[in-house]
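Here is the structure we will look at, set down as structure tokens.
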Amino acid sequence: MPAVSKGDGMRGLAVFISDIRNCKSKEAEIKRINKELANIRSKFKGDKALDGYSKKKYVCKLLFIFLLGHDIDFGHMEAVNLLSSNKYTEKQIGYLFISVLVNSNSELIRLINNAIKNDLSSRNPTFMCLALHCIANVGSREMAEAFAGEIPRILVAGDTMDSVKQSAALCLLRLYKASPDLVLMGEWTSRVVHLLNDQHMGVVTAAISLITCLSSKNPDEFKTCVSLAVSRLSRIVSSASTDLQDYTYYFVPAPWLSCKLLRLLQCYPPPEDGAVKGRLVECLETILNKAQEPPKSKKVQHSNAKNAILFEAISLIIHYDSEPNLLVRACNQLGQFLQHRETNLRYLALESMCTLASSEFSHEAVKTHIETVINALKTERDVSVRQRAADLLYAMCDRSNAKQIVAEMLSYLETADYSIREEMVLKVAILAEKYAVDYSWYVDTILNLIRIAGDYVSEEVWYRVIQIVINRDDVQGYAAKTVFEALQAPACHENMVKVGGYILGEFGNLIAGDPRSSPLVQFNLLHSKFHLCSVPTRALLLSAYIKFINLFPETKATIQEVLRSDSQIRNSDVELQQRAVEYLKLSSIASTDVLATVLEEMPPFPERESSILAKLKKKKGPGAVSVELEDGKERGELNGGGDRGGDAAIAASNASTPSPSADLLGLRSAAPVSGATPSAGSLLVDVFSEAGPAATSAGVNDDGFLSALHAPEASDSPLVEGPGDSDSAPPTAASEDPAPPLPESDELLNKFVCKNNGVLFENQLLQIGIKSEYRQNLGRMYLFYGNKTSVQFVSFNTTVSCPGELQSQLNVQTKTVEPLVEGGAQVQQVINIECLTDFIDAPLLNIKFRYGGALQNISLKLPVTINKFFQPTEMAAADFFQRWKQLSQPQQEAQKIFKASHGMDTEVLKAKLLGLGTALLENVDPNPENYVCAGVIQTKAQQVGCLLRLEPNAQAQPGEQMYRLTLRSSKDTVSQRVCDLLAEQF
């Protein structure tokens with residue numbers, strides 16, 4: 001930077017600042033400022049032309065007044081005039097004023113842009129840097145439109161000085177973050193990537209920030225950066241601190257650049273080139289080795305720089321998850337940090353080990369530190385560190401240590417901080433359920449949980465234990481005995497009373513043979529808690545009493561007396577009064593057989609996902625550690641719940657039910673194939689959610705699927721008619737029209753043709769996940785909006801529209817979402833869909849919200865395609881070919897011959913065809929390598945039969961393999977649409 005001469009001291013500015021500081025009151029300050037503003041205004045309007053020094057001085061005064069919080073409405077033109085000066089200090093003040101006070105809508109923006117262009121073309125490095133800094137500071141869309149094409153040229157030009165290259169890289173990064181659609185690298189891509197080989201370390205450091213940002217959005221375009229990044233990292237890691245003297249920080253060579261290189265590599269999978277991968281592994285081993293060396297300095301800056309590189313290297317090792325040796329070494333290194341005196345290091349070590357625990361290679365190594373982690377849970381003074389310790393215990397839990405970890409977490413719960421108790425309760429409940437080999441242990445654990453932290457036991461937890469007890473005959477007697485004993489405690493939490501009322505109402509007969517738990521004793525025990533409970537719990541107890549009349553006729557008179565009392569049949573609460581009257585009448589007039597039928601034991605719940613895990617995922621937000629319930633036999637045994645009609649009285653006792661909080665469970669880790677074949681009986685909400693028994697009257701049919709689409713008046717959500725239906729829509733985040741669908745919308749939609757669950761969209765701010773299920777011509781879709789930042793989204797609003805003809809082809813109902821999404825949180829939206837007739841287009845989803853004051857406007861295509869309404873149809877070979885010949889009209893057939901874009905893996909092909917929704921017919925086609933499928937598309941207007949034949953030439957060489965796909969259906973538009981959709985999948 002040019003030296004500032006003594007003449008540039010601006011004495012008048014110094015005197016003015018001194019006067020302001022010496023003011024004794026606010027009034028005196030305002031008076032002095034007004035006097036100065038009047039003086040400056042008169043100077044600017046005077047006949048005498050001001051020299052550059054005077055302009056600079058007065059513009060500086062205006063800038064100072066603005067920084068004091070006063071509005072400035074003049075002086076902008078004088079600041080623009082300073083940009084044409086050849087003196088550095090005058091030009092600098094002009095750019096400073098413009099960066100702070102000129103907004104992007106100013107009429108002067110064209111003049112400013114012209115001045116910036118002149119400086120960029122001047123080849124004076126000082127002036128070029130000032131211009132680039134101004135562009136980056138303003139960062140408006142107008143600036144991006146004007147200079148997005150010029151700055152990359154400056155960045156890669158051979159004669160550009162290093163300092164200018166640094167400024168150009170960071171300026172381009174700023175413009176890309178503000179207006180990514182305007183910054184198109186195109187021809188500059190390879191030359192920008194090669195900046196990683198630049199001799200000047202400052203240029204490399206600036207360029208890598210730009211490349212990392214570009215790579216995260218367009219990884220394929222910048223994949224050549226991997227080998228260059230590994231090469232540069234290798235040179236830094238293997239160098240001595242004296243080799244990079246200008247960039248060595250407390251004996252650590254180029255720590256910031258090293259961290260950025262490691263972060264860049266996390267945008268990509270492990271290198272395929274063996275030499276590059278070997279060199280990278282060598283670098284990571286060197287970093288781990290250096291962590292074991294004694295420190296070269298006792299200064300905290302040295303250890304901070306060294307550990308920053310180490311943790312970034314461990315993050316890369318975890319990201320690759322392919323080098324067992326490195327993963328175990330990383331785990332051991334983190335284990336040493338668990339007992340470090342520095343709290344931040346212990347926190348980071350626990351956090352990183354949570355991720356390591358999910359790797360099959362390092363899980364056992366993580367488990368060796370269980371005692372240290374348990375000790376941290378008990379002794380750490382910082383609550384955030386204790387929370388990470390609890391997270392790690394949860395992540396490292398498996399069958400071998402489940403009982404120990406659950407016992408320790410239960411023990412800790414008694415003294416745990418209030419801020420983490422609810423989360424701890426959820427984790428204990430999930431672990432107890434997942435690893436329960438002895439169901440009596442599971443019941444004991446949950447009841448103990450209610451006893452210790454009853455206030456933090458959500459309804460999902462006690463709902464879950466009831467579901468499992470009902471589904472397991474061998475634990476029902478033990479559960480009844482245990483809950484009976486628990487209710488005998490003088491102080492009993494209300495959640496314990498709920499569980500006791502439900503279980504004794506269902507299975508009290510299993511312990512009635514013992515005189516100590518006779519029917520009357522059970523009833524008196526429950527009724528002794530009645531007056532202490534809230535209205536919903538009292539309602540549940542009344543339902544338990546009527547169940548007792550069925551189980552134990554000898555208690556009928558006693559219970560009828562209770563129901564007949566004024567406190568019940570004249571209760572001020574309508575729900576309690578209605579139950580008492582109806583139950584009393586039912587017990588009086590119904591015969592024994594009718595009573596036994598009405599009050600029969602609850603049937604087992606169908607298999608389903610755990611709502612406890614869903615609640616934990618919602619609480620933790622995106623990126624939370626997930627422990628999924630295991631598939632197969634255990635899941636079938638443990639999982640209960642489901643929608644059902646004709647539920648018994650106890651199920652109806654919960655007057656107010658929570659809405660479901662199902663989350664994206666394992667979507668990132670699940671393979672696409674597994675996601676393509678969901679269980680036919682797998683519902684997405686729990687039995688006690690708003691789509692469960694309590695919502696039966698709102699339109700749930702016999703198989704538990706929502707039928708409220710036929711009765712819009714029963715729903716509190718408006719029917720989405722199309723883009724023009726704005727009357728019923730909630731206020732939007734801004735008055736701007738919905739953005740056009742993203743260019744990649746069709747590609748995102750194609751990913752969901754053969755699967756129902758997954759991440760639909762993700763950027764740096766927002767993640768949108770999807771779970772959906774379809775039955776006949778009805779569909780239900782859950783959208784999960786995850787805030788990936790630490791800043792809340794405000795004015796969050798979503799709309800679903802059906803463009804054009806789609807309005808008459810689909811009925812779509814949506815529920816509004818909360819307008820505020822906290823940082824790291826997730827909100828859910830339910831969408832109900834009815835297929836009226838076949839369709840081609842997809843509904844549009846528009847999301848608007850404000851992040852940091854800026855409006856975000858995103859439009860996507862919802863993955864609702866005609867194949868979602870397939871009902872699989874099994875057919876014999878003769879029936880298939882007979883039907884195939886019947887559909888021989890030219891318009892009934894659609895055929896495509898196309899090149900295979902993936903390998904011809906038999907299992908993958910079968911999974912995709914099943915995911916399409918059709919039935920895969922075995923031993924039908926004479927050629928065993930061909931695939932034939934059959935299905936019926938269910939719409940409200942008609943049923944459309946569809947037959948499919950896929951013929952691969954698997955014998956061809958890779959790269960030359962082809963498919964012939966033939967679709968025949970009773971409707972030509974369906975044949976063509978399904979053919980087009982399926983051809984994109986192979």
Side-chain angles (χ1 to χ4, degrees), residues 237 241 248-256 258-259 262-263 266 283-319 323 325-359 361-397 401 404-405 408-409 412 415-417 419-420 424 623 625:
V237 169
S241 57
T248 297
Y249 180 78
Y250 287 88
F251 303 101
V252 181
W256 282 275
S258 299
C259 287
L262 290 164
R263 202 167 296 154
Q266 291 175 51
C283 289
L284 295 172
E285 287 177 341
T286 304
I287 293 171
L288 292 174
N289 290 337
K290 284 186 175 181
Q292 300 292 335
E293 296 174 1
K296 296 179 180 178
S297 170
K298 293 183 179 179
K299 297 276 189 180
V300 68
Q301 291 91 338
H302 171 73
S303 59
N304 282 348
K306 191 174 171 183
N307 290 330
I309 297 172
L310 175 63
F311 275 102
E312 210 61 63
I314 291 173
S315 295
L316 180 61
I317 293 168
I318 294 170
H319 170 72
E323 297 292 330
N325 180 47
L326 287 178
L327 285 163
V328 172
R329 285 194 63 186
C331 180
N332 293 336
Q333 181 63 51
L334 292 172
Q336 295 177 21
F337 286 147
L338 291 180
Q339 296 178 319
H340 199 279
R341 59 186 177 84
E342 176 60 45
T343 305
N344 289 335
L345 275 182
R346 297 197 300 274
Y347 178 93
L348 290 171
L350 289 165
E351 189 174 49
S352 298
M353 288 185 84
C354 280
T355 316
L356 274 174
S358 62
S359 169
F361 302 117
S362 54
H363 183 77
E364 291 301 319
V366 172
K367 282 167 57 180
T368 61
H369 302 284
I370 185 170
E371 296 299 334
T372 308
V373 179
I374 289 172
N375 186 56
L377 185 68
K378 294 177 178 178
T379 60
E380 279 288 351
R381 288 181 292 177
D382 191 316
V383 63
S384 61
V385 181
R386 292 198 295 273
Q387 187 163 3
R388 292 288 81 78
D391 290 343
L392 180 53
L393 283 176
Y394 175 74
M396 70 166 62
C397 188
N401 56 20
Q404 180 188 2
I405 287 177
E408 292 292 349
M409 292 176 87
Y412 173 66
T415 56
D417 303 81
S419 59
I420 66 172
M424 290 281 292
V625 178

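All values below were derived from every heavy atom in this structure, side-chain atoms included, with hydrogens, water molecules and symmetry-related copies excluded.
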Write down the atom of L393, the atom of I405, and the distance for their closest heavy-atom approach.
O-CD1, 3.5 Å
Closest non-hydrogen atoms of I287 and L310, given as atom of the first, atom of the second and distance, are CG2-CA, 4.0 Å
Heavy atoms of L316 and Q266 approach each other most closely as CD1-CG, 3.6 Å
Interatomic distance, N304 atom CG to L345 atom CG [nearest 0.5 angstrom]:
7.5 Å
Is a side-chain N or O of R386 found less than 3.5 angstrom from the main chain of E380, in a donor-acceptor match?
yes
Is the backbone N or O of A357 less than 3.5 Å from a side-chain atom of H363, with the two atoms forming a donor-acceptor pair by type?
yes
Can you tell me if K290 uses its side chain to pair, donor with acceptor, with the backbone of K306 under 3.5 Å?
no
Quick one, N307 with N344, criterion side chain to side chain contact (heavy atoms under 4.5 Å, CB included). Give me CA distance, side-chain angles, the key distance, then yes/no.
CA-CA 11 Å; N307 290 330; N344 289 335; over 6 Å; no
Will you find, in the side chains of E371 and Q404, an N or O donor that is under 3.5 Å from an N or O acceptor?
yes
Modelled atom types, side-chain donor and acceptor of D417 and S419, under 3.5 Å:
no
Could you tell me which non-hydrogen atom of L334 sits nearest to which non-hydrogen atom of F311, and how far apart they are?
CD2-CE2, 3.6 Å
Check the surroundings of atom CD in E342: do more than 12 heavy atoms from other residues, nucleotides or ligands lie under 6.0 Å from it?
yes
Report the distance from atom CD of E312 to atom CG of L284, rounding to the nearest 0.5 Å.
11.5 Å
Which pair of non-hydrogen atoms, one from F251 and one from K296, has the smallest distance, and what is that distance?
CE1-O, 3.9 Å
With side chains defined as the heavy atoms from C-beta onward, is the minimum distance between L392 and L377 less than 4.5 Å?
no
Nearest heavy-atom contact between P255 and I309 is CA-CD1, 3.7 Å
With rounding to the nearest 0.5 Å, note down the distance linking OG in S384 to CZ in R346.
10.0 Å
To the nearest 0.5 Å, atom OG of S315 lies from atom CG of L262 at 9.0 Å
Reported CE-to-CG distance for the pair M396 and N401, which is rounded to 0.5 angstrom
7.5 Å
Using atom types as modelled and distance alone, determine if a side-chain donor or acceptor of S362 lies under 3.5 Å from a backbone N or O of L356.
yes
Run the salt-bridge test on K378 and E408 with the 4.0 Å N-O cut-off and return the result as yes or no.
yes
One pair to check against side chain to side chain contact (heavy atoms under 4.5 Å, CB included): M353 and L350. What are the steps and the verdict?
CA-CA 5 Å; M353 288 185 84; L350 289 165; 5.7 Å; no
How many angstroms lie between NE2 in H340 and OG in S303, if you round to the nearest 0.5 Å?
7.0 Å
Under the side chain to side chain contact (heavy atoms under 4.5 Å, CB included) criterion, do N375 and L338 qualify, and how do the steps go?
CA-CA 10 Å; N375 186 56; L338 291 180; over 6 Å; no
Quick one: salt bridge (charged side-chain N to carboxylate O under 4.0 Å, His left out) partners of K367, sequence neighbours excluded?
E364, D398
